[in-house]
Amino acid sequence: MNAQKLSKRLEMVASFVPTGAVVADIGSDHAYLPCYLVHKGIASRAVAGEVVKGPFESAVRQVRTEGLTNKITVRMADGLAAVEETDQIDTVTIAGMGGPLIVSILEKHPQALKSVTRLILQPNIHAKAIREWALLNRWALQDEVILEEDGKVYEVLVLQRGQMELTQAEILLGPKLIATKSPVFVEKWSREVANWQRVQQAIEKAEKTADNEAKFTELAQLVEMVQEVIQ
Ligand code: SAM
């Protein structure tokens, strides 16, 4: 992967960035995504934010090597603290982290989202946390994609401002992903169901405590909910 050729995962994130967007890529690491977006003429300007020194320095180097210092500003900052009001960012991308970490980044500096109309979030795990945050904070899912790369499954969630209503199953699995029910989606959730059933079997063999019984019931509800969707 480099700034010209992204991974399939980051290419999917890039595909949802509107032409002419002013992008903040948070947790940018090597800054491949913002460099790609500007090179392709998709983003007009970008901010690359990184909290860790090593990846920050690698982002600075990458932007220099690509000759993009006039279009991409690299800032070392915690999450959305990388965004300044004068940047007038309209699109935020956060990729390659867990859902709860992405949510904590969105929650820590909410004022940085003032000018933002689109969030493109790519959680490696626990996308549910993002859907819960979106419901509470008046963001609506515009699109969702699930993909597999190098044996790992990733989700990309595209949010715009607005309200939505989701069932418990939709919060966990994703309303658009349920509607599409792609083979990757069915395989991912079949694996989850099998894992939960294995834990249930272990609980059945273990001591009968209130905690174990509560866990068993919780898993039984999850299994039923997911099986209803994928079968
Ligand atoms: N976004 C790139 C991608 O998807 O390939 C890099 C993903 S990398 C696994 C996660 C990056 O996020 C790391 O470079 C890490 O230092 C950075 N990161 C984690 N928490 C952060 C935060 N609160 N603010 C900014 N960057 C953060």
Side-chain angles (χ1 to χ4, degrees), residues 1-18 21-40 42-43 45-66 68 71-85 87 89-114 116 118-127 129-130 133-134 137 143-159 184 188:
M1 177 167 64
N2 55 46
Q4 267 76 38
K5 180 84 190 91
L6 294 179
S7 61
K8 190 171 152 190
R9 171 182 65 82
L10 282 183
E11 211 171 72
M12 187 59 80
V13 172
S15 75
F16 289 109
V17 176
V22 184
V23 177
D25 182 42
I26 305 300
S28 201
D29 196 353
H30 30 58
Y32 288 157
L33 178 59
C35 288
Y36 173 92
L37 290 169
V38 172
H39 270 318
K40 291 268 175 193
I42 299 169
R45 286 184 288 120
V47 168
E50 240 310 323
V51 76
V52 177
K53 193 160 174 261
F56 163 74
E57 287 170 348
S58 118
V60 170
R61 266 197 310 276
Q62 189 67 38
V63 171
R64 259 195 225 130
T65 307
E66 302 286 335
L68 295 175
K71 296 267 176 86
I72 302 176
T73 307
V74 185
R75 297 196 184 113
M76 190 163 152
D78 180 10
L80 289 165
V83 171
E84 294 175 6
E85 202 170 340
D87 295 329
I89 298 295
D90 54 45
T91 303
V92 169
T93 55
I94 312 180
M97 304 174 206
L101 178 55
I102 292 177
V103 166
S104 75
I105 288 174
L106 293 168
E107 280 179 340
K108 202 162 177 186
H109 302 280
Q111 72 287 356
L113 294 178
K114 232 165 82 183
V116 175
R118 181 175 292 207
L119 299 172
I120 307 164
L121 309 173
Q122 185 272 297
N124 291 343
I125 51 166
H126 301 310
I130 294 176
W133 173 86
N137 291 278
D143 222 323
E144 284 179 311
V145 177
I146 190 163
L147 65 121
E148 189 170 0
E149 184 173 43
D150 299 331
K152 292 195 186 118
V153 174
Y154 302 104
E155 289 176 38
V156 178
L157 279 60
V158 185
L159 296 160
V184 175
K188 171 195 159 105

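In this text the structure is predicted, and so the values were computed from the model without any measurement. Remember, it's 1-based here, ligands and their atoms both numbered in the order they're listed.
Heavy atoms of R9 approach ligand 1 to within less than 4.0 angstrom. Within the 4.0 Å heavy-atom cutoff, A77 counts among the residues contacting ligand 1.
Scanning the protein for heavy atoms near atom 16 (O) of ligand 1, the closest one is E50 OE1, 2.9 Å. In this structure, atom 23 (N) of ligand 1 lies nearest to the protein heavy atom D78 OD1, 2.8 Å. Closest to atom 7 (C) of ligand 1 among all protein heavy atoms lies A95 O, 3.6 Å.
Counting non-hydrogen atoms of other residues, nucleotides and ligands closer than 6.0 Å to NZ of K188 gives a total above 12. Residue Q111 qualifies as enclosed at atom CD: its count of foreign heavy atoms under 6.0 Å is above 12.
Looking at G79 next to ligand 1, an N or O pair under 3.5 Å apart turns up. Geometrically, ligand 1 and V52 share no nitrogen or oxygen pair separated by less than 3.5 Å. Checked by distance only, ligand 1 and Q122 stay at 3.5 Å or farther apart across all their nitrogen or oxygen atoms.
Remark: side-chain polar atoms of R118 are paired, donor with acceptor, to backbone N or O of F16 under 3.5 angstrom.
Here K53 pairs with E57 in a salt bridge; the nearest charged N to carboxylate O distance falls below 4.0 Å.
Close approach to D29 involves these atoms of ligand 1, each under 4.0 Å from a residue heavy atom: 6 (C), 14 (O). Those atoms of ligand 1 with a heavy atom of G96 less than 4.0 angstrom away are 4 (O), 9 (C). Of all atoms in ligand 1, numbered sequentially from 1 with element shown, those under 4.0 Å from a heavy atom of I105 are 22 (C), 23 (N).
A heavy-atom distance below 4.5 Å is found between the side chains of L106 and L121.
The side chain of L10, and not its backbone, has at least one atom closer than 4.0 Å to an atom of ligand 1 (non-hydrogen atoms only; side chain from C-beta on).
Counting heavy atoms only, V51 comes closest to atom 21 (C) of ligand 1 of the residues L33, L6, N124, V51. Considering G27, S28, S104 only, the shortest heavy-atom separation from atom 12 (O) of ligand 1 involves G27.
To the nearest 0.5 Å, the span separating CG on L10 from NE2 on H30 amounts to 6.5 Å. Distance check: I120 CD1 to D25 CG gives 10.0 Å after rounding to the nearest 0.5 Å. To the nearest 0.5 Å, the span separating CD on E107 from CG on N137 amounts to 6.5 Å.
With V92 as the fixed residue, the side chain to side chain contact (heavy atoms under 4.5 Å, CB included) test singles out one of I105, V23, L80: L80.
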